Amino acid sequence: MRISPTSFLCLCVLGLLLMAAGCTQSEPDSNASTPGSPEPNYTSNETLVAFVESAVEYARVNGKEKALAEFSDPNGSFVRGELYIYAYDFNNVALAHPFDPDKIGVNRMDELDAFGNPYTRQFIDAAENGSGFVRFYYVNPAHNRTVESKLGYVMKVDEDWWLGSGIYTGPAEQVTENSQAQS
């Protein structure tokens, strides 16, 4: 059986398209894990940013009081798998937290991460610039409370307060500001 040049070209193009589709598939943005489940994290940085941006928009549209109540609700619309929103003022007093209500009203300015880094001050620096990422090391309740690397993203709502969320990114290797400066 002889294949015409046009048919051969169509088959080649189809084969290339199928191969390209297989090569460009990405992992899902987020798995269905919830706090306490041991599944690995698949949340992308883009998903994290979009999640915080949507919370900032919600706060601007609905007002601070309604937004803080929603962000503090563990069953609210801003708890999605491993993602949840926390809110702080620029003195680093917690305004909302769905899983740690005892921190609401507490000034966390001088709090250090698991390796002694002043991560909460870095949150404020990023938020004062409008938005930004902060790497810190924190206990992961989903993995037997082991210390893991966490990537936080924060964004200013207005001159009075900011919102953030974060994703665990795996086992922590001890890094301090001094060791970062030497790298």
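As the structure is a computational prediction, the values presented were derived from the model and not from experiment.
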Do you reckon [X] sits in the same ILVMFWY cluster as [Y], going by side-chain contacts under 4.5 Å, direct or chained?
{"X": "I124", "Y": "L112", "result": "no"}
{"X": "W161", "Y": "V106", "result": "no"}
{"X": "V93", "Y": "Y119", "result": "no"}
{"X": "W162", "Y": "I104", "result": "no"}

I'd like to check the side chain to side chain donor-acceptor pair (under 3.5 Å) partners of [X]; sequence neighbours left out, ordered by chain and number.
{"X": "Y86", "value": "none"}
{"X": "E128", "value": "none"}
{"X": "Y58", "value": "none"}
{"X": "S131", "value": "Y153"}

[X] side, atom [atom1]; [Y] side, atom [atom2] - distance, nearest 0.5 Å:
{"X": "D113", "Y": "Q122", "atom1": "CG", "atom2": "CD", "answer": "8.0 Å"}
{"X": "T120", "Y": "D110", "atom1": "OG1", "atom2": "CG", "answer": "7.0 Å"}
{"X": "L163", "Y": "L68", "atom1": "CG", "atom2": "CG", "answer": "8.0 Å"}
{"X": "E57", "Y": "N62", "atom1": "CD", "atom2": "CG", "answer": "9.0 Å"}
{"X": "L83", "Y": "T43", "atom1": "CG", "atom2": "OG1", "answer": "4.5 Å"}
{"X": "S149", "Y": "Y138", "atom1": "OG", "atom2": "OH", "answer": "14.0 Å"}

Q | Flag side-chain contact, heavy atom, 4.5 Å: N117 against F136 | A |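 No; the side chains remain at least 4.5 Å from each other.
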Q: For the residue pair F99 and Y84, categorise the inter-ring angle as parallel (less than 30°), tilted (30 to 60°) or perpendicular (more than 60°).
A: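 F99 and Y84: perpendicular rings.
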Q: With side-chain contact (heavy atoms from CB on, under 4.5 Å) as the test, would you mind laying out the steps for R135 and T169 before giving the verdict?
A: CA-CA 10 Å; R135 170 82 51 201; T169 59; 2.7 Å; yes
(Q) Aromatic contact between Y88 and F123, with the criterion being ring centroids under 6.0 Å apart: yes or no? (A)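 No - the distance between ring centres of Y88 and F123 does not fall below the 6.0 Å cut-off.
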Q: Could you note down all residue pairs passing salt bridge (charged side-chain N to carboxylate O under 4.0 Å, His left out) where residues 85-100 supplies at least one of them, sequence neighbours left out?
A: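 Qualifying pairs: D100-K103.
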Q: With sequence neighbours excluded, give me every salt bridge (charged side-chain N to carboxylate O under 4.0 Å, His left out) pair touching residues 145-164.
A: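 Listed by first then second residue: K156-E159.
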(Q) Between D73 and A69 (side chain of the first, backbone of the second, donor and acceptor by atom type, cut-off under 3.5 Å), is there such a pair? (A)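 No, the answer is negative, given that no donor and acceptor are paired below the 3.5 Å cut-off.
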**Q.** For the student: nearest non-hydrogen atoms of V154 and A126, plus distance
**A.**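 Scanning both residues completely, I find the closest heavy atoms to be CG2-CB, 3.6 Å.
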